[in-house]
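Numbering of residues begins at 1 and proceeds along the displayed sequence. When a ligand or atom number is given, it counts from 1 through the structure's own listing order.
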Amino acid sequence: MPRIAIVTGASSGLGREFVRLIDSGVAGQVDEIWGIGRRAERLEALVRIAKTPVRAFCFDLGVLDSFDVIEEALAKTEGAEVTLLINCAGSGSFGRFGEQSSTSASDMAAILVRAPVELTYRALPYLVPGSSIINISSVAAFMPQPDLAVYAAAKRFVLDFSRALAVELEGTGITVCAVCPKPMRTGFFDAPGDIETAARITRALGFEKVERVARKALKAASRGRDLCIPAPEMRAYYAAAHVLPYRALIALQRKIGTIT
Ligand SMILES: NC(=O)c1ccc[n+]([C@@H]2O[C@H](COP(=O)([O-])OP(=O)(O)OC[C@H]3O[C@@H](n4cnc5c(N)ncnc54)[C@H](OP(=O)(O)O)[C@@H]3O)[C@@H](O)[C@H]2O)c1
């Protein structure tokens, strides 16, 4: 009965930190970690470094066949129990919607929206009481974001999907937690796009530490929380986004410099 943690985006940034913490025992007893990403050498490094057996799935989550591979692997693993599913893979590009390539916009939608839905659907039959799903959203989900329009809308989808699923699964012992980090220094900022806009946003909001976000997320999930906003000031922003009209929020964002 192997207890499996599946982590997408395991090759870098927040996903890699989740793997490190799970390997160190922070998420309880896990027999295998299944790490998903496109960069084989980085996944192979995890296989070598981790004390827990890591199975590397090197594929593109933008391609539907990838989910068949995971589903088949689960079906072939006798007594497989997915105790932790972390949908973390993602990328985003800053800038005006009309100035982005159409592939960049639709790739973003595929990886940020379709991938967590597909993987959650395929893995759900293998989750057991006590299992948790952690879906990585973003503070960008709190309100529609000019210059980050597709990304922010996709992260809003992740937030709403997660919280609705959490309610659907009440009483099963399976929890779902949406995590909304603010900017973190990861490979996320290496993606092509409008560098000026990215710099403006990070100047205004600052960065938070990847390790802290991963720890807070695992703790929130273990406590059955459906929402984790690690940065305290972002919790205030989340509350404000519920009461202030959109135009007032836009004016506020112009004032702090996150949008022009
Ligand atoms: N960094 C931030 O400021 C920030 C803030 C809020 C939320 N987030 C969210 O946090 C999550 C993790 O991002 P990060 O900051 O850790 O960035 P990162 O260092 O760039 O990591 C992104 C991960 O996603 C994987 N990935 C991207 N596209 C993929 C694809 N098509 N198929 C398979 N794997 C793919 C990458 O692996 P390969 O390249 O090997 O495929 C990598 O492991 C994302 O969902 C992001 O939207 C980030």
Determine yes or no for a side-chain-to-main-chain donor-acceptor pair under 3.5 angstrom, with Arg122 supplying the side chain and Glu71 the backbone. no
What atoms of ligand 1 come closer than 4.0 angstrom to any heavy atom of Phe189? 3 (O)
Return yes if some donor-acceptor pair links the side-chain N/O of Asp23 with the main-chain N/O of Thr52 below 3.5 Å, else return no. yes
Nearest neighbour in protein (non-hydrogen) for atom 43 (O) of ligand 1: Ser11 OG, 2.8 Å
What protein heavy atom sits nearest atom 41 (O) of ligand 1, and how far away is it? Arg38 NE, 2.6 Å
among protein heavy atoms, the one nearest atom 46 (C) of ligand 1 is Tyr151 OH, 3.6 Å
Please verify the inter-ring angle class for Tyr238 with His242; under 30° counts as parallel, over 60° as perpendicular, anything in between as tilted. perpendicular
Would you please determine whether Glu17 falls within less than 4.0 Å of ligand 1 on a heavy-atom basis? no
For atom 22 (C) of ligand 1, which of Gly90, Ala140, Gly9, Gly187 has the closest heavy atom? Gly90
Evaluation steps, side chain to side chain contact (heavy atoms under 4.5 Å, CB included), between Tyr237 and Ile256: CA-CA 12 Å; Tyr237 167 37; Ile256 63 172; over 6 Å; no
For atom 14 (P) of ligand 1, which candidate among Asp190, Thr186, Leu43 provides the closest heavy atom? Thr186
Part of Ser91 within contact of ligand 1 (heavy atoms, under 4.0 Å): neither
Given that the side chain starts at C-beta and the backbone is N, CA, C, O, which of these parts of Lys155 lies under 4.0 Å from ligand 1, counting heavy atoms, or is it both or neither? side chain
In terms of residue, atom name and distance, what is the protein heavy atom nearest to atom 6 (C) of ligand 1? Pro181 O, 3.5 Å
Subset of ligand 1 atoms that lie under 4.0 Å from at least one heavy atom of Gly13: 16 (O), 19 (O)
Purely on distance, is any nitrogen or oxygen of Phe188 under 3.5 Å from one on ligand 1? yes
Heavy-atom distances under 4.0 Å decide this one: backbone, side chain, both or neither, for Phe59 against ligand 1? backbone
Contact atoms of ligand 1, heavy-atom distance to Ser137 under 4.0 Å: 7 (C)
Would you check if the side chain of Arg185 reaches a backbone N or O of Phe207 as a donor-acceptor pair within less than 3.5 Å? no
Below 4.0 Å from any atom of ligand 1, is there a heavy atom belonging to Met184? yes
Distance-only, no hydrogens or angles: does the Arg200 side chain make a donor-acceptor pair with backbone N or O of Thr258 under 3.5 Å? yes
Taking heavy atoms and a distance under 4.0 Å, where does Ser66 meet ligand 1: side chain, backbone, both or neither? neither
Using the side chain to side chain contact (heavy atoms under 4.5 Å, CB included) rule, pick out the option among Ile36, Asn87, Ile70, Leu112 that qualifies with Leu61. Ile36
Has Arg114 got a side-chain atom pairing as donor or acceptor with Ala109's backbone, closer than 3.5 angstrom? no
I'd like to know if the side chain of Arg225 reaches the main chain of Cys177, judged simply by a donor and an acceptor atom lying under 3.5 Å from each other, with no hydrogens or angles considered. no
Which residue and atom name correspond to the protein heavy atom nearest atom 31 (N) of ligand 1, and how close is it? Asp60 OD1, 2.7 Å
Sidechain-backbone polar pair: Ser162 side chain, Val176 backbone, donor-acceptor under 3.5 Å: no
Please verify the inter-ring angle class for Phe189 with Phe94; under 30° counts as parallel, over 60° as perpendicular, anything in between as tilted. parallel
Nearest-neighbour protein heavy atom for atom 19 (O) of ligand 1, which is reported as residue plus atom name and distance: Ser12 OG, 2.5 Å
Spell out, as yes or no, whether a donor-acceptor pair under 3.5 Å connects the side chain of Arg254 to the backbone of Thr260. yes
Indicate yes or no: does an N/O atom of Leu112 lie under 3.5 Å from an N/O atom of ligand 1? no
Quick one: look up the protein heavy atom nearest atom 44 (C) of ligand 1 and list residue, atom name and how far away it is. Cys88 O, 3.1 Å
Could you tell me whether a side-chain N or O of Thr83 sits under 3.5 Å from a main-chain N or O of Ser131, the two making a donor and an acceptor? no
Going by the atom numbers of ligand 1, which of them fall below 4.0 Å from some non-hydrogen atom of Ile136? 9 (C), 10 (O), 11 (C)
Closest protein heavy atom (residue, atom, distance) for atom 16 (O) of ligand 1: Leu14 N, 2.8 Å
With Val139, which of Lys155, Gln145, Met234 fulfils side chain to side chain contact (heavy atoms under 4.5 Å, CB included)? Met234
Ligand 1 versus Ile111, non-hydrogen atoms closer than 4.0 Å: side chain, backbone, both, neither? side chain
Proximal ligand 1 atoms for Ala89, defined as those under 4.0 Å from one of its heavy atoms: 24 (O), 25 (C), 26 (N), 34 (N), 35 (C), 45 (O)
Would you mind running through ligand 1 and noting each atom that sits below 4.0 Å from a heavy atom of Ser138? 6 (C), 7 (C)
I'd like to know if the side chain of Glu81 and the backbone of Val128 have a donor-acceptor N/O pair within less than 3.5 Å. no
